[in-house]
Amino acid sequence: MRDRRDELRWNGWGRLDRGFETKGRDAAVWAFVADALGTARLPSTPAPSLEDTTLPACRAGAGLLDALARATDARRVHTSTWERAFHAHGRSYHDLLRLRSGALEHAPDVVVYPTSRDEVLAVLRIAEDARLAVVPFGGGSSVVGGVEARGGPAHAAVLTLDTTEMNRVLEVDGVSRTATIEAGIYGPALEEALAQRGFLLGHHPQSFEHSTLGGWIAARGAGQLSNRYGTADAMLVAARIATPRGLLETRAFPASAAGPNLNQLLCGSEGTMGVITDATVRLHPLPEARRVFAFLFKGFDEGVNAVRALVQEGTGAAMMRLSDTEETRFFGAFRRVIEPSRVHELAEGALGVAGYDPKCVLMVCVEGATDDVAREVARIRAVAKSRGGLYVGEGPGKSWWKRRFEMPYLRDPMLDRGVGVDTLETATEWSNVSRLYEAVRLAIRSTLEAEGRRAVVLAHISHSYHDGASLYFTFLFLRDLAREVEQWRAVKDAASRAIVLHGGTISHHHGVGVDHAPYLDDEKGLLGVDVLAQARKALDPRGNMNPGKLLPPRR
Ligand SMILES: Cc1cc2nc3c(=O)[nH]c(=O)nc-3n(C[C@H](O)[C@H](O)[C@H](O)COP(=O)(O)OP(=O)(O)OC[C@H]3O[C@@H](n4cnc5c(N)ncnc54)[C@H](O)[C@@H]3O)c2cc1C
């Protein structure tokens with residue numbers, strides 16, 4: 001089961017029949033955003049239609065298309081404008097700018113949907129012979145340029161290999177609590193199939209509805225419940241990856257000591273080493289109970305200390321999401337524009353009197369066996385209280401949970417109104433969280449303010465560990481319509497430089513792709529990057545797999 005591609009937006013987020021729900025308060029919502037960005041009125045900047053968008057000429061000749069059809073099926077080999085445009089880019093802000101530009105510089109020459117491991121291997125053999133660049137494509141939700149359809153100078157054409165016809169659960173081992181699943185399955189279909197057997201995987205990124213198991217592993221992602229279920233690399237037990245040199249199979253031995261763990265080489269390989277065709281992952285019993293509740297803190301540092309205590313003391317939260325004061329204020333006000341409520345107003349007033357203005361909200365989710373949940377909620381409340389947290393119940397948590405996959409639908413309407421909105425993330429040790437947080441915020445804000453734009457910069461802690469946490473930034477600004485890509489690049493560069501200079505990782509869960517590749521040397525060192533380059537060479541000697549991604553540009 002998968003979304004039909006033609007039910008999705010080719011140049012935006014998600015399904016055509018869904019959008020961001022403003023409950024009839026459109027005018028008020030856009031007046032609020034305009035006001036936040038310091039302008040009286042937002043411009044109208046609709047996206048050109050596909051008919052009004054030009055693509056580079058298709059370089060796939062009849063001989064190549066015939067060979068691909070023989071290796072798969074003619075119905076799964078596509079050169080239509082829609083398929084080429086849909087697969088041209090991922091879904092970052094930079095990608096959307098290009099998809100809305102009216103002229104695509106990059107697009108695959110051909111899109112193929114194999115249905116099995118053997119078909120993938122056959123397609124890779126054809127690509128070797130014809131010297132094609134191959135871009136593995138799952139949900140296409142990459143936000144770092146990971147699926148950008150481009151080859152190198154030596155490539156005759158670009159083939160995008162869409163994995164979503166490989167979407168079966170192959171085996172569930174209920175005793176070992178593992179399942180072997182094909183890589184192209186989307187999040188909802190995967191969890192639905194496992195739930196029928198009483199299990200869940202628990203990887204729920206915000207892109208859950210439109211991203212795939214293979215993409216989660218290849219980009220080394222992290223879901224919203226990572227405190228309980230782990231990040232994608234922790235879920236992986238074994239994988240099969242089709243490479244230009246044949247199939248590489250890692251085996252499912254628990255805690256093998258037979259040298260370095262090859263699974264960890266495949267995690268984060270971003271399509272540069274081959275196509276993950278299926279993976280064996282760890283399962284968990286379906287939770288009997290779930291509670292999502294919130295605390296307020298008087299400042300971000302106070303909240304950070306509480307999250308650190310909660311994770312280091314081993315409380316059983318599945319998720320802890322701490323918003324800074326700007327994010328708390330912005331989304332609180334935004335929500336009240338959509339759902340005005342006298343009760344909320346009074347509650348806000350009372351919190352102000354009690355000293356919680358400004359404030360930071362911490363959203364916590366606990367799930368599992370009913371008794372465990374009750375016990376952990378009590379522990380979490382006690383630890384949070386001892387760190388200055390004010391328990392505000394389950395109301396905010398419930399409404400966040402209900403809408404947790406909805407926010408991405410707000411980005412396209414923002415782009416239709418001249419608003420730029422981008423996100424980035426990093427992670428660092430607890431002792432460095434405050435410093436990095438301030439440095440990245442300053443870098444984003446000062447770059448936009450230098451060109452006379454008011455920036456709304458929001459941040460939260462999205463994932464937390466024994467030794468540190470991730471920081472996730474969202475920023476809104478008025479686009480400079482004459483130079484929107486340059487404007488984006490200036491902010492991205494400033495933020496990336498601040499991250500590497502102040503001790504953050506260049507990616508905590510979005511991956512590296514094209515956008516972060518120039519910064520990989522800073523993180524891994526020249527020798528470290530060379531180890532990765534040599535591993536890639538062993539699997540893909542001619543450099544056909546996803547060229548230009550992950551490794552810094554020189555290689
Ligand atoms: C609105 C939005 C919210 C997001 N939220 C999160 C979040 O909460 N957490 C998070 O981790 N990420 C998030 N992301 C980023 C993105 O969803 C993740 O990177 C996700 O793991 C990508 O999965 P995908 O199937 O869409 O992969 P794609 O975008 O198709 O591909 C991602 C990378 O993996 C490679 N790849 C894909 N499939 C395979 C395969 N089978 N074998 C080998 N390589 C492959 C591609 O070549 C590419 O380099 C978000 C993105 C968006 C747009």
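In this chain, residues are counted from 1 in sequence order. Quick note: numbers below take in every heavy atom, side chains included, and nothing from hydrogens, waters or symmetry partners. Counting starts at 1 for both ligands and their atoms, in listed order.
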For ligand 1, which atoms sit closer than 4.0 Å to a heavy atom of [X]?
| X | result |
| --- | --- |
| Ala219 | 19 (O) |
| Glu270 | 35 (C), 47 (O), 49 (O) |
| Thr163 | 41 (N) |
| Trp13 | 53 (C) |
| Ala183 | 41 (N) |
| Val275 | 42 (N), 43 (C) |
| Gly221 | 11 (O) |
| Phe137 | 30 (O) |

So, regarding [X] and ligand 1 (criterion: nitrogen or oxygen to nitrogen or oxygen, under 3.5 Å), is there a contact or not?
| X | answer |
| --- | --- |
| Pro408 | no |
| Thr212 | yes |
| Gly146 | yes |
| Ser142 | yes |
| Asn546 | yes |

Look at ligand 1 and say whether [X] reaches it with a heavy atom at a distance under 4.0 Å.
| X | result |
| --- | --- |
| Tyr186 | no |
| Gly513 | no |
| Gly90 | no |

### Query
Is the backbone N or O of Ala318 less than 3.5 Å from a side-chain atom of Arg228, with the two atoms forming a donor-acceptor pair by type?
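Side chain of Arg228 to backbone of Ala318: no pair is present.
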
### Task
Please answer whether the main-chain N or O of Pro408 pairs with a side-chain N or O of Gln206 as donor and acceptor at a distance below 3.5 Å.
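Here the side-chain-to-backbone pair does not exist.
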
#### Entry: Check against salt bridge (charged side-chain N to carboxylate O under 4.0 Å, His left out), Asp540 and Arg245
CA-CA 7 Å; Asp540 174 26; Arg245 289 195 53 208; over 6 Å; no

Quick one: nearest non-hydrogen protein atom to [atom], plus distance?
| atom | result |
| --- | --- |
| atom 9 (N) of ligand 1 | Ala222 O, 2.8 Å |
| atom 35 (C) of ligand 1 | Ala218 CB, 3.7 Å |
| atom 51 (C) of ligand 1 | Ser141 O, 3.3 Å |
| atom 24 (P) of ligand 1 | Gly139 N, 3.4 Å |
| atom 47 (O) of ligand 1 | Pro136 O, 2.6 Å |
| atom 31 (O) of ligand 1 | Val147 CG1, 3.6 Å |
| atom 3 (C) of ligand 1 | Gln206 OE1, 3.6 Å |
| atom 27 (O) of ligand 1 | Gly215 CA, 3.4 Å |

### Message
Given His516, which partner from the list Lys549, Lys492, Glu523 fulfils the side-chain hydrogen bond (donor to acceptor under 3.5 Å, both in side chains) test?
### Response
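It is Lys492; the other options fail the test.
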
### Query
Quick one: which of Asp412, Thr45, Asn11, Asp416 gives a side-chain hydrogen bond (donor to acceptor under 3.5 Å, both in side chains) with Arg100?
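Of Asp412, Thr45, Asn11, Asp416, side-chain hydrogen bond (donor to acceptor under 3.5 Å, both in side chains) with Arg100 is met by Asp416 alone.
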
### Task
For salt bridge (charged side-chain N to carboxylate O under 4.0 Å, His left out), just list the numbers for Arg4 and Glu7, CA-CA rounded to whole Å, side-chain angles, deciding distance to a tenth of an Å, and then say yes or no.
CA-CA 5 Å; Arg4 282 185 31 211; Glu7 290 170 349; 3.8 Å; yes

### Query
Does Arg9 make a cation-pi contact with Phe86 (under 6.0 Å, within 45 degrees of the axis)?
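Because its charged atom misses either the 6.0 Å distance or the 45° angle limit, Arg9 does not stack over Phe86.
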
Just so I know, are the side chains of [X] and [Y] near enough to count as touching, which here means a heavy-atom distance under 4.5 Å?
| X | Y | value |
| --- | --- | --- |
| Val421 | Phe475 | no |
| Val311 | Met320 | yes |
| Leu159 | Val135 | no |
| Asn544 | His155 | yes |

### Task
Test His508 against every option in Tyr472, Phe473, Tyr465 by the ring-ring contact (aromatic ring centres under 6.0 Å, His included) rule and name the one that passes.
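Result for ring-ring contact (aromatic ring centres under 6.0 Å, His included) with His508: Tyr465.
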
### Task
Over all heavy atoms of both residues, which pair between Ile506 and Ser496 is shortest? Give the atoms and the distance, please.
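Scanning both residues, the minimum pair turns out to be CD1-CB, 3.9 Å.
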
### Task
Could you walk me through whether Arg321 and Glu327 pass the salt bridge (charged side-chain N to carboxylate O under 4.0 Å, His left out) test, one step at a time?
CA-CA 11 Å; Arg321 181 193 158 105; Glu327 186 169 288; 3.5 Å; yes

### Query
Any idea which part of Ile276 is under 4.0 Å from ligand 1, heavy-atom wise: side chain, backbone, both or neither?
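Both the backbone and the side chain of Ile276 come within reach of ligand 1.
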
#### Entry: Nearest protein heavy atom under 4.0 Å from atom 33 (C) of ligand 1, yes or no
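Given the 4.0 Å cut-off, atom 33 (C) of ligand 1 does not count as touching protein heavy atoms.
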
### Query
Could you walk me through whether Phe199 and His284 pass the ring-ring contact (aromatic ring centres under 6.0 Å, His included) check?
CA-CA 5 Å; Phe199 292 109; His284 307 266; 9.2 Å; no

### Flag if over 12 foreign heavy atoms under 6.0 Å of CZ, Arg403
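Above 12, so yes.
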
### Task
Would you tell me which option among Ser226, Ser211, Ala279, Ser207 has the nearest heavy-atom contact to atom 23 (O) of ligand 1?
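Going through Ser226, Ser211, Ala279, Ser207 one by one, Ser211 has the nearest heavy atom to atom 23 (O) of ligand 1.
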
